[in-house]
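Protein chains get the first letters and strands the later ones, always in sequence-line order, with residue 1 at the start of each.
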Amino acid sequence: MLDIKFIRDNLEQVEQRLATRGTEIRLDEFRQLDTQRRELLGEVEGLKAEKNRVSAVIGQTKDKSQVQGEIARMKEVSAQIKQMDDQLRDLTEALSAILMTVPNLPHEATPVGASEDDNVEIRRWGTPREFSFEAKAHWDIGEQLDILDFERAGKLTGARFALYKGAGARLERALINFMLDLHTEQHKYVEMLPPFMVNRDSMTGTGQLPKFEEDLFHVEGPDYFLIPTAEVPVTNIHRDEILGAEQLPLCYTAYTPCFRKEAGSHGRDTRGLIRQHQFNKVELVKFVEPETSDAELDSLLANAEKVLQLLELPYRVVDLCTGDIGFSAARTFDIEVWLPGQSVYREISSCSNFRDFQARRAAIRYRREEGAKPEFVHTLNGSGLAVGRTLLAILENYQQEDGSVIVPEALRPYMGGLERITGK
RNA sequence: GGAGGAGUGGCCGAGUGGCUUAAGGCGGCGGUCUUGAAAACCGUUGUACGAAAGUACCGUGGGUUCAAAUCCUACCUCCUCCGCCA
């Protein structure tokens with residue numbers, strides 16, 4: 001959520017900066033409702049002040065017959081206040097409905113562009129391997145090794161689900177542990193294991209609601225949603241809290257499954273592990289002081305890159321343009337891993353600085369010093385990494401001509417020393 | 001699932017309709033005293049909107065009343081006991 005005062009005072013600038021996202025957002029309705037609301041607020045507060053004053057006098061008067069006129073008048077004032085409060089509530093709701101659907105302002109450094117074609121590649125790491133045979137796609141490798149079973153997953157649930165078997169299941173689990181150990185031991189993140197369902201307030205705090213409800217799985221019964229990313233529960237840990245400056249930066253890492261409807265991507269990436277309704281992810285989340293958030297994004301990105309470096313998987317880093325960054329983000333770097341099966345770089349991590357956008361929605365604040373006025377923190381997060389996509393990248397990059405897959409050295413301690421996954 | 005109890009400031013805790021401007025305590029901050037500290041004493045201590053006056057906030061939403069932390073109502077959360085259960 002943007003600062004309502006900032007919008008009020010910089011309406012044109014806000015409209016212009018939002019226009020770089022590619023969606024035109026007209027804020028004149030906002031301005032009209034805001035003016036109306038502020039006028040009404042002034043009036044109703046004046047009436048309330050009078051009601052409070054007169055009621056105190058009535059309370060002090062022993063002989064109530066002397067103040068019958070006042071009581072009658074206050075009854076009317078009260079009715080008027082109630083009516084105005086209702087009107088005020090409607091205005092506030094309408095205003096908030098607009099405010100909640102306005103995306104974040106892009107960072108000054110975010111490249112301006114219309115679509116993902118305008119994203120800027122900023123570096124590459126590693127050299128894609130030369131294959132002396134035709135590289136296969138991971139779904140073929142996985143099925144031939146009998147470690148991935150998409151057909152039975154379809155029977156169990158439906159399309160876009162996977163059943164991992166044997167070394168496949170163990171590899172997924174090894175990756176989760178490897179990533180968590182790296183981030184907690186080397187990068188000093190605190191591990192969290194949050195609920196995998198959250199309520200509406202949490203989804204609103206990080207920006208998934210109210211705009212993107214159609215992407216979420218909602219459970220029957222209580223008004224809960226399956227999390228589409230650990231960002232939601234982990235960022236909301238400090239919702240409605242005021243932190244101390246000495247606690248910052250707070251760095252959390254969490255493994256969770258993620259559940260996404262993938263509405264609107266029918267027919268895309270239908271094969272394999274790329275786009276699933278349920279996938280595992282290790283997430284990195286930071287709560288930081290505003291002036292440090294740019295540097296903190298760089299280090300969070302480096303922490304995510306480290307996973308690929310240790311696994312010796314080639315990747316590139318892309319600076320997303322204004323037309324491609326997410327609703328809540330001000331700046332985003334994607335890490336894309338090399339997939340020889342399709343000869344493309346595919347997103348495996350997305351690292352974003354949300355500045356105070358989520359903090360304002362979720363009321364996450366801090367004090368610079370004892371007694372200072374609370375200010376909003378900046379929040380950041382990134383995948384460190386998407387586990388399923390890491391597994392498929394390993395299958396494709398480490399595949400051998402005989403169909404087996406070499407286990408990256410860094411993972412062997414997590415695989416009981418296994419060096420190679422071979423068929424039955 | 002059944003029965004009962006409880007939600008008040010950073011924390012503990014009083015408050016069952018009107019000087020409540022939320023008592024008192026703890027903690028925090030400032031001061032007096034002290035070589036320094038402790039103790040003692042004095043003062044201060046939430047959030048949002050607003051230039052200010054002021055308004056709102058006692059789990060959440062409705063309601064009653066001139067007036068609600070206090071009464072009514074629905075919901076949420078936590079606790080205790082019973083039952084079931086990974």
OP1 or OP2 of [N] less than 4.0 angstrom from a side-chain nitrogen or oxygen of [X], does that happen here?
{"X": "A:Asn52", "N": "B:G54", "result": "no"}
{"X": "A:Ser78", "N": "B:U65", "result": "no"}
{"X": "A:Lys75", "N": "B:C66", "result": "yes"}
{"X": "A:Lys5", "N": "B:G50", "result": "yes"}
{"X": "A:Lys82", "N": "B:U64", "result": "yes"}

Worksheet entry | Sugar-phosphate, base or nothing in reach of A:Arg367, heavy atoms under 4.0 Å | sugar-phosphate

Worksheet item: Base, sugar-phosphate, or nothing: which does A:Arg365 touch, judged by heavy atoms less than 4.0 Å apart?
Response: sugar-phosphate

Complement of [N], any strand, by Watson-Crick or G-U distances under 3.5 angstrom:
{"N": "B:A48", "answer": "B:U55"}
{"N": "B:A68", "answer": "none"}
{"N": "B:G30", "answer": "B:C42"}

Item to complete: Decide yes or no, distance alone: a donor-acceptor N/O pair under 3.5 angstrom between the base of B:G18 and the side-chain of A:Gln60.
Response: no

Practice prompt. Select one nucleotide: of B:U55, B:C66, B:A48, the one nearest the side-chain heavy atoms of A:Lys51.
Written response: B:C66

Worksheet item: Between the side chains of A:Thr322 and A:Arg21, is a donor N or O closer than 3.5 angstrom to an acceptor N or O?
Response: no

Item to complete: State, without any angle test, whether A:Glu191 and A:Thr184 hold a side-chain donor-acceptor pair at a distance under 3.5 Å.
Response: no

Fill in: Criterion side chain to side chain donor-acceptor pair (under 3.5 Å) on A:Tyr164 and A:Asp149, from CA distance to verdict
CA-CA 6 Å; A:Tyr164 294 69; A:Asp149 187 341; over 6 Å; no

Practice prompt. Measure from NZ on A:Lys48 to C1' on B:A48 and round the result to the nearest Å.
Written response: 13 Å

Item to complete: Round to the nearest Å and state the distance from A:Leu41 atom CG to B:C49 atom C1'.
Response: 7 Å

Practice prompt. Give a yes or no on whether the backbone of A:Ser202 and the side-chain of A:Asn199 come within a donor-acceptor separation of less than 3.5 Å.
Written response: yes

